[in-house]
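Heads up, the thing below is written out as structure tokens.
Just so it is clear: chains get the letters A, B, ... in the order the sequence lines come, proteins before strands, and each one is counted from 1. Since the structure is predicted, the reported quantities are computational estimates derived from the model, not experimental observations.
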Protein chains: 2
Amino acid sequence: MNIHSTKTSPTQTETGSKRELIIHATIKLISEYGFHGTPISMIAQEAGVGAGTIYRYFKDKDTLVLEIFTQVNCDFKQTLLHGYDANQAIRDRFIHLCRGIFLYGIQNPYEFKFIEQFYNSPYGTSLRREKLFCNCGDTGQALPLEQVFAAGQAQQVIKELPLAALIALAIGPIIFLVKDSIAGLIQLDEATINNTLAACWDAIQQKTGPNRQPVVTPSSLSSEEKP
Amino acid sequence: MNIHSTKTSPTQTETGSKRELIIHATIKLISEYGFHGTPISMIAQEAGVGAGTIYRYFKDKDTLVLEIFTQVNCDFKQTLLHGYDANQAIRDRFIHLCRGIFLYGIQNPYEFKFIEQFYNSPYGTSLRREKLFCNCGDTGQALPLEQVFAAGQAQQVIKELPLAALIALAIGPIIFLVKDSIAGLIQLDEATINNTLAACWDAIQQKTGPNRQPVVTPSSLSSEEKP
DNA sequence: TCAAGCGGAATGAACATTCATTCCACAAAA
DNA sequence: TTTTGTGGAATGAATGTTCATTCCGCTTGA
């Protein structure tokens, strides 16, 4: 990063860049092959360093991945909050956060898949409880998207569904679409993104007008049945 | 599956049961730890058979997993079609298929996660193009959910979005919620399922009334911008 | 007695991690 | 300016472990 800096340590530039090389190689490979699917040797080769070098920067493979995840996940959440204004209308805040996921995924496909891999691993399942939008590790306050949902429900603009269901309706489609986009199955243009975001809003929005099936209270669900 | 059939091979029952044990152990373990994360030895132990026995039934690990996936995926799709009536209204057909995914996931958590694991592996990425709802491997006709979308768009009851986006809006939330349910993060009761299904419909439904933001045509999308 | 099914030790390949060695940038000495 | 010495960074062969797959002897039913 910096060429000067005579104080810190010698050859800092070189040193820092090696670490970065390792990190980027790890993200790229693990996002594609998963933790157990990418040997250290492969990471070393992709990074263009010796295998032993990796252990100068990270205690072991577990630590390497955990450390990277922490950083990437944190960056991701920071990105989402960039430009976020808690005073905007519910819908605007919702769209802002969701669009952030879209854009992040498109612009950082490796990081996006890396995070996904992690959350779907036994590792991540334990962390899962804290969910995608947990604070970056410090402040204990409620998380942006949850705040939006809570505020929206208070204003009766968002459906009375369990939090988990709202989250699923909001980001499930986005994660799904971004994965398809990364896989090259679809070309996401601005219009498609905007329309999909609007559709996500439609999913969680509390309808006001008539011609609306009321939200169901516990009852009626057999495997199949014709009314 | 079948206990009778005296012709095929001797001790079919016993033989079949070992094979089943291996299959179930594989599904369970791989759904949790992934392909590379579950050694053959672990499968053997979980199944209560010798490691060598597995190779009496399957050529190698790859074949084992591929064969199981083919079968499980097929069963899954069969399940979805059970009770499906192509003459019903668009919405009913949509709900039927989506509810099927819900129920399958809740009733077959290991199989559900196994399928997920597979689709998210390098393996699955190639198969990905044929997507969740491809026919079971024979008939070349269009797939149920796609038919529903096509028909729905023709009747102007479903939004004009790319197929991939519609699929994402429909099953993204369901997959997300089922995962959370399996992880024990939420207890899915009938009401939540029904309401979530209704919300998925809201997401893809073409609005008729006024007070509706029109679908966007290509333009307008900067990282952030206030109207 | 024989054949087929089976378990699990045996085998070699692949892996994570370590370590003795080399390399390199800089600084003091000449 | 050139030489030499030094410490930390980098390396990749060596090590011990784990894995997929094979092999062999035991059991069981015919």
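- Put simply, CG on A:Leu64 is 11 Å from P on C:dA16, counting in whole angstrom units.
- Atom NZ of B:Lys18 and atom P of C:dA4 are 18 Å apart (whole Å).
- Straight-line distance from the CZ atom of A:Phe58 to the P atom of C:dT17: 13 Å, rounded to whole Å.
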Margin query: One pair to check against side-chain contact (heavy atoms from CB on, under 4.5 Å): B:Asp202 and A:Ile204. What are the steps and the verdict?
Written below: CA-CA 8 Å; B:Asp202 290 341; A:Ile204 65 163; over 6 Å; no

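- In this structure, CD1 of A:Ile22 is placed 14 Å from C1' of C:dT17, rounded to the nearest angstrom.
- Rounded to whole Å, atom P of C:dA3 lies 15 Å from atom CZ of B:Arg56.
- Within the structure, every pair that satisfies the side chain to side chain donor-acceptor pair (under 3.5 Å) test and touches residues 25-54 of chain B, not counting sequence neighbours, is listed here: B:Lys28-B:Glu46.
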Could you list the donor-acceptor pairs under 3.5 angstrom formed between side-chain atoms of residues 100-114 of chain A and any protein atom two or more places apart in sequence or on another chain?
{"residue": "A:Asn108", "atom": "ND2", "partner": "A:Tyr104", "partner atom": "O", "Å": "3.0"}

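- A:Ile54 has its CD1 atom 13 Å from the P atom of C:dT18, to the nearest Å.
- Ring-centre distance between B:Tyr119 and B:Phe69: below the 6.0 Å cut-off.
- For the pair B:Leu21 CG and C:dG7 C1', the computed distance is 15 Å after rounding to whole Å.
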Check: Could you write nucleotides 16-22 of chain D as a row of B, S and -, 5' to 3', where a protein heavy atom under 4.0 Å of any base atom gives B, of only sugar-phosphate atoms gives S, and otherwise -?
Finding: ---SSBB

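- For A:Lys61 and A:Phe35, the positive end sits near the middle of the six-membered ring, less than 6.0 Å away and at most 45° from its axis.
- For the residue pair A:Thr63/A:Asp60, the side-chain donor-acceptor check at 3.5 Å is satisfied.
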